[in-house]
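Start at 1 and go down the list; that is how both ligands and their atoms are numbered.
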Amino acid sequence: MARRTKIYEGKAKILYEGPEPGTIVQYFKDDATAFNAQKKDVIEGKGVLNNRLSEYFMTGLAQIGVPTHFIRRLNMREQLVRACEIVPLEVIVRNFAAGTMSKRLGIEEGTQLPRPIVEYCLKNDELGDPLVTEEHIAAFGWASQQDMDDILSLALRVNDYLSGLMYGVGIKLIDFKIEIGRVYENDYPRLIIADEISPDSCRLWDIATGQKLDKDVFRRDLGSLTDAYSEVARRLGVIPKSQVTKPTLIN
Ligand code: TYD
């Protein structure tokens with residue numbers, strides 16, 4: 001008998017029905033995919049790191065008043081989150097050119113942008129998450145004008161929070177992607193940060209060396225992905241600075 005009901009299985013996570021109505025259990029897998037799942041691998045330990053890192057970012061955001069779906073971490077690989085309707089957009093914030101923006105506009109990777117630029121992609125794997133404009137979003141009714149105002153403000157607040165946090169540990173936040181959820185409180189809709197925030201959905205470069213500490217390590221075969229994610233987690237104090245565990249005397 002199944003332990004619980006699976007709601008959805010994605011590329012990096014599985015969603016199960018939560019213990020109470022309106023809750024979901026998010027399970028972080030070790031699977032890594034890139035280029036719309038054309039490149040795949042299992043990276044041992046990635047799910048554990050992303051569960052901890054996403055908890056850390058979501059908790060910090062809540063502390064500065066940015067609403068998120070995160071309720072609490074349950075174990076090494078699972079967290080309890082609020083059920084919400086997902087707005088069908090990938091919201092991307094860019095501080096420096098990289099990836100598709102560099103390709104599309106011919107701007108060298110790492111070039112600082114005049115100001116943070118927010119882009120929207122339609123969440124549709126079959127179409128490869130195409131870039132869309134606010135005109136498309138309004139015309140096709142994927143989000144309302146009020147939603148778009150709220151999404152922009154949430155995205156920029158997350159950007160300020162994450163950029164500052166990363167800068168403090170010697171890391172440049174090049175870009176990141178967030179997903180937005182809609183919840184109803186007394187019949188009023190409210191937008192919150194959903195899904196995950198982790199090095200799977202950010203570009204993070206070491207300020208001193210330019211070393212990549214994000215999923216580009218996997219996309220571009222630059223070394224060990226778990227070493228890169230562990231480095232981010234260690235700098236933020238999410239995992240201990242030293243991996244070497246010495247025996248401790250317990251009185
Ligand atoms: P982008 O440069 O548009 O695409 P790619 O990662 O394919 O080069 O991505 C900008 C940032 O958003 C980058 O940190 C990866 C993240 N992102 C996702 O995590 N998932 C997505 O579906 C998309 C489109 C971007």
Taking only heavy atoms of D129 into account, list the atoms of ligand 1 that are under 4.0 Å away from them. 22 (O)

Check for me whether R94 has a heavy atom closer than 4.0 Å to any atom of ligand 1. yes

List the steps, then state whether salt bridge (charged side-chain N to carboxylate O under 4.0 Å, His left out) holds for D129 with K177. CA-CA 12 Å; D129 296 339; K177 184 259 318 188; over 6 Å; no

Can a donor-acceptor pair be found between the side chains of S102 and R94 at a distance below 3.5 Å? no

Quick check on the hydrophobic clustering: are L53 and L80 connected, directly or via other members, by side-chain heavy-atom contacts under 4.5 Å? no

Measure A34 to ligand 1 on non-hydrogen atoms and call it side chain, backbone, both or neither using the 4.0 Å cut-off. neither

Which bit of E90 is near ligand 1, meaning a heavy atom under 4.0 Å away: side chain, backbone, both or neither? side chain

Do F140 and I86 share a hydrophobic cluster, counting only Ile, Leu, Val, Met, Phe, Trp and Tyr and linking them when any side-chain heavy atoms are less than 4.5 Å apart? no

Are M148 and Y188 connected in the hydrophobic side-chain network, where two residues link if heavy atoms are under 4.5 Å apart? no

Atom indices of ligand 1, in the order listed, that fall short of 4.0 Å to a heavy atom of R219: 6 (O), 15 (C)

Proximal ligand 1 atoms for S201, defined as those under 4.0 Å from one of its heavy atoms: 14 (O), 16 (C), 19 (O)

Taking atom 17 (N) of ligand 1 as the reference point, the nearest protein heavy atom with its distance: K177 CB, 3.5 Å

min-distance protein heavy atom vs atom 9 (O) of ligand 1 -> R203 NH1, 3.7 Å

Specify the protein heavy atom at minimum distance from atom 11 (C) of ligand 1: its residue, its atom name, and the distance to 0.1 Å. D175 OD1, 3.4 Å

Top protein contact for atom 25 (C) of ligand 1, by heavy-atom distance: I92 CD1, 3.8 Å

Just do the salt bridge (charged side-chain N to carboxylate O under 4.0 Å, His left out) check on E196 and K46 with the steps written out, would you? CA-CA 13 Å; E196 72 179 289; K46 179 176 85 81; over 6 Å; no

Report yes or no: do I171 and F176 belong to one cluster of Ile/Leu/Val/Met/Phe/Trp/Tyr joined by side chain heavy-atom distances under 4.5 Å? yes

Under 4.0 Å from one or more heavy atoms of C202, ligand 1 contributes atoms 14 (O)

I'd like to know if the side chain of Q145 pairs up with that of D149 as donor and acceptor (distance under 3.5 Å, no hydrogens or angles considered). yes

Indicate the atoms forming the closest heavy-atom contact of G47 with D30, along with that distance. N-OD1, 2.8 Å

Give the atoms of ligand 1, by number and element, whose distance to some non-hydrogen atom of G99 is under 4.0 Å. 2 (O), 8 (O)

Which residue holds the protein heavy atom closest to atom 4 (O) of ligand 1, what is that atom called, and what is the gap in Å? T100 CG2, 3.6 Å

